[in-house]
Amino acid sequence: MRAANLLLAAALFSGAGMAAAAPAADTILPSSITFATSTGYWEEAKGEIAIERAPGAAQPAAISAEPRHGYYKIFAVRQPNRTSKVYLQQIAQADAGPEVVSTLELHEFTDIKPYVTDIRPENSTGIIKQPGLFATVYLKTDPDAEPDGWTVMIDEFGEITVEKASN
């Protein structure tokens, strides 16, 4: 029993040192981000951008002569009143790592002041064979109600559709 206690104490002490070495949680992901998923696929030639940049957002890196490709990220940001805003990002896969190409607030969600309860991709395999995006945002417009599913779709031409899911 005494040996088990010593092993437990050693594990706790070594774990505490590891936790101190990790970066602060706020530097990785702000606490206001409640749900996020990366999904879909896009590719474009020089100068084509499927999503318009949000006002006040930083400008993208210089556009290269090589065609770009990447994926989408959709995430919910909790507001002080507990409702959420939902954003869509276009992420480029660059040699130096992922780069945000554009960020767009999805006003269809902002307008109904939702309580977002989940965001899920169409599938979790990570294999997307056709350009576009399909994700479901689960939300409530009343905190005591059951959540509804809303779909966010982007077709191969970059057209975005947000609508209440039908069964």
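Any value given below was found using the heavy atoms of this structure, including those in side chains, with hydrogens, waters and symmetry copies removed.
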Any link between Leu88 and Met153 through a network of hydrophobic side chains (Ile, Leu, Val, Met, Phe, Trp, Tyr) touching at under 4.5 Å? no
When rounded to the nearest 0.5 Å, the distance separating OG of Ser32 from CZ of Arg78 is 10.0 Å
Got Leu139 and Phe109 here, is their nearest side-chain heavy-atom distance under 4.5 Å? yes
Side chain to side chain contact (heavy atoms under 4.5 Å, CB included) between Gln93 and His69: does it pass, once the steps are laid out? CA-CA 6 Å; Gln93 293 177 329; His69 66 280; 3.1 Å; yes
When hydrophobic residues are tied together by side-chain contacts of less than 4.5 Å, even through go-betweens, does Trp42 share a cluster with Ile160? yes
Count I, L, V, M, F, W, Y as connected when their side-chain heavy atoms are under 4.5 Å apart, and connections chain through other members. Are Tyr87 and Leu29 then in the same cluster? yes
Can you tell whether the side chains of Asp148 and Lys164 come within less than 4.0 Å, N to carboxylate O? yes
Report the C-alpha distance between Thr151 and Val162 in whole Å, list the side-chain angles of each, state the deciding distance to 0.1 Å, and finish with yes or no for side chain to side chain contact (heavy atoms under 4.5 Å, CB included). CA-CA 6 Å; Thr151 57; Val162 177; over 6 Å; no
Residues Tyr72 and Leu133: closest non-hydrogen pair is CB-CD1, 3.4 Å
Would Tyr41 and Tyr71 satisfy ring-ring contact (aromatic ring centres under 6.0 Å, His included), going step by step from the backbone distance to the final call? CA-CA 4 Å; Tyr41 174 78; Tyr71 57 93; 9.7 Å; no
Spacing of OG1 belonging to Thr37 relative to CZ belonging to Arg120, to within rounding of 0.5 Å: 10.0 Å
Are any of the side-chain heavy atoms of Thr136 and Ile119 separated by less than 4.5 Å? no
Grab the two heavy atoms, one from Pro143 and one from Arg82, that are nearest each other, plus how far apart they are. CB-NH2, 4.0 Å
For a quick check under 3.5 Å, do Ser84 and Gln79 share a side-chain donor-acceptor pair by atom type? no
So, taking the atom named CD in Gln130 and the one named CD in Glu156, what distance separates them when rounded to the nearest 0.5 Å? 7.5 Å
Would you please test Thr117 and Lys140 for side chain to side chain contact (heavy atoms under 4.5 Å, CB included) and show each step? CA-CA 7 Å; Thr117 62; Lys140 303 176 183 186; 3.9 Å; yes
Taking all non-hydrogen atoms of both residues into account, name the closest pair between Tyr138 and Gly149 and its distance. CD2-CA, 3.9 Å
Does the side chain of Val100 come within less than 4.5 Å of Gln90's, by heavy atoms? no
Do the side chain of Trp150 and the main chain of Glu108 share a donor and acceptor less than 3.5 angstrom apart? no
Leu106 side chain reached by Val152 side chain, heavy atoms, under 4.5 Å: yes
Could you tell me if the side chain of Thr110 sits less than 4.5 Å from the side chain of Glu105, heavy atoms only? yes
Transitive ILVMFWY side-chain link Val137 to Leu104, under 4.5 Å: yes
Spatial distance of atom NZ (Lys73) from atom CD (Gln89) [nearest 0.5 Å]: 4.5 Å
Do Thr83 side-chain atoms and Tyr115 backbone N/O form a donor-acceptor pair below 3.5 Å? no
